[in-house]
Amino acid sequence: MSLAHLLLRQAQLHPDRPAIHLGPRRWATHAQWAGRSAALARRLTEAGLRPGDRVLLFMRNHPRYLELLWGLWWAGLVAVPVNAKLHPREVSWIAGNAEARWAFTSADVASEPLAGVPVQIDVDSPQADALLAEVAGTLSEPFDAPPDHLAWLFYTSGTTGRPKGVMLTHRNLMAMGLTYGLDVDTLHAGDAMLYAAPLSHGAGLYAIPHLMAGARHVVPESGGVDPEEMFALGRHHGPLTTFAAPTIVRRLVEQALAEGLDPDHAARCFKTIVYGGAPMYAADIRRALEVMGPRFVQIYGQGESPMTITALSRAALADVQHPRWAERIASVGVAQTPVQVRVADAQGLPLPPGELGEVLVKGDTVMAGYWRQPEATAATVRDGWLFTGDMGVLDADGFLTLKDRSKDLIISGGSNIYPREVEEVLLTAPGVADVAVVGAPDPEWGEVVVAFVVAAPGTPLDLGELDAQCLAQMARFKRPKRYVVLDALPKNHYGKVLKTELRQRL
Ligand code: AMP
């Protein structure tokens, strides 16, 4: 069985129910969605694509994103959804690594052709219309995917500076989808999922549980996060569910305050706001609960176990009378149903409650491995346990609190940035002798990128030039927001930069 069978089932049971909306307007019923996806599958197969081949999606949020995803799965193909904010150079690298044979792009994000991808289709072109045009007659049977068949190759930036392809199977995503209804929220056919956060990430994966329930899917016309539009769509479609990084939650709260909306109004617009992807300050969630009422659920996951490590339920967040409420709202909740979660020492042995260690996860949502990287896979998944790189503490009731990351990762506005990637780009600028990049706490973004730079002797350092190098070589959101020029970087005896010391200086 594949994820495409979920769509076939809805098309058979409720063909005429609205399924996809673009803003307030209806885009497709379940029958139309299935018809278009099945037709795409047939045409891609006729064009020579075979189950297991990779197809890249590099586009803004668009209703066709869902039709394309399910069309690829209908044919047994592997989707490679790429962050729309990446630089074309970064995307070309991913396309080459995945050996993508086709790519679907939108002109606003793909400003130039992707090197090395034989077929590239603009999602708004007549060519795309033709590929997705329904074919008369009964729907074909989707590809009968074995459980370990790849569905989604999710590129995450790596500590090595190059992204790694996380291999997610149909079984992984099916387990993720099924557990949503148990651990995150109850689902009904009348629900509607709003995609303001990128469909190429976790928000897009939430299309799976919503399709399982036969619910509606709403893509905002802006294609992104616009709090005013999000509230307006809530008023139009009825209470929506959405996934929001903490930065977006903060913006929604500000919008509610600016419009003078009370929690009852927020309840008419939003059934559930699932937040996660980056740490949420306890003060921020308290304020969000006050302003918007009990409509929040937190999840903690990572690409390697998508959306599914722990969840902090609506009930736990709302239980203000509980003696440990203050600690609990600062936690990420308890293990989701399909996974075991452990806090372990450096050897992977479980630690007792209250002790700090690395968070380990085991279960059906854990990735099949990194694409063509057996060493990295062996280092990250040992005996079935995924070593997340996150540091945390479990309490006696099983609530996990994240403390730190053992990796150097910076999370700014919910987007991951690996310092090494930024450092490598800065080192290509003239006049730079040494560089170290760290995250500085920021009330709006969670963290911002700060670069400590040492100038080469005798060469004037032009900070404008550094910024230009960043713009030319990587996604805008990874650029340092601040530069600090030093005579030398603090280093230990082995020459390793003391990043903790740099963070303290900030
Ligand atoms: P990604 O692989 O892009 O989904 O990023 C995953 C990382 O984001 C995790 O390993 C955590 O460090 C962080 N993260 C995800 N969810 C949460 C959360 N609810 N609270 C704090 N950090 C989180």
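First listed ligand is number 1; within each ligand, the first listed atom is number 1. Because the structure is a prediction, the values reported are computed rather than measured.
- Between M292 and A256, the shortest heavy-atom contact is CG-CB, 4.4 Å.
- An N or O contact shorter than 3.5 Å is missing between Y275 and ligand 1 by distance.
- Residue contacts with ligand 1: I411 is placed with no nitrogen or oxygen under 3.5 Å of a nitrogen or oxygen of the ligand (distance criterion only).
- Residue contacts with ligand 1, taken as heavy atom pairs separated by less than 4.0 Å, involve A278 solely via the backbone atoms N, CA, C and O.
- In the vicinity of Q298, heavy-atom distances shorter than 4.0 Å reach the ligand 1 atoms 18 (C), 19 (N), 20 (N).
- When only interatomic distances are considered, the shortest N/O to N/O separation between T388 and ligand 1 does not fall below 3.5 Å.
- In this pair, W70 and W73 present their aromatic rings perpendicular. The plane angle is above 60°, beyond the 30 to 60° band.
- Numbered from 1 in the order shown, with element, the atoms of ligand 1 that lie under 4.0 Å from a heavy atom of G276 read 19 (N).
- Note: F270 and F231 have perpendicular aromatic rings, judged against thresholds of 30 and 60 degrees for the angle between ring planes.
- Residue G303 approaches ligand 1 through these ligand atoms, each under 4.0 Å from one of its heavy atoms: 1 (P), 2 (O), 4 (O).
- Those atoms of ligand 1 with a heavy atom of G301 less than 4.0 angstrom away are 6 (C), 9 (C), 15 (C), 16 (N).
- Residue contact annotation: T310 has no non-hydrogen atom under 4.0 Å from ligand 1.
- Between V332 and ligand 1, a contact under 3.5 Å exists for no N or O pair.
- For F399, there are no ring-ring contact (aromatic ring centres under 6.0 Å, His included) partners two or more places apart in sequence or in a different chain.
- L502 and A436 get closest at one heavy-atom pair: CD1-CB, 3.6 Å.
- Ligand-side atoms of ligand 1 in range of N416: 1 (P), 2 (O), 3 (O), 5 (O), range being under 4.0 angstrom from any heavy atom.
- Not a single donor-acceptor pair under 3.5 Å links the side chain of Q120 to the backbone N or O of T105.
- Among residues two or more places apart in sequence or in another chain, the salt bridge (Lys or Arg N to Asp or Glu O under 4.0 Å) test is passed with R314 by D185.
- Residue D390 has at least one N or O atom closer than 3.5 Å to an N or O atom of ligand 1.
- S331 and R328 get closest at one heavy-atom pair: OG-O, 2.7 Å.
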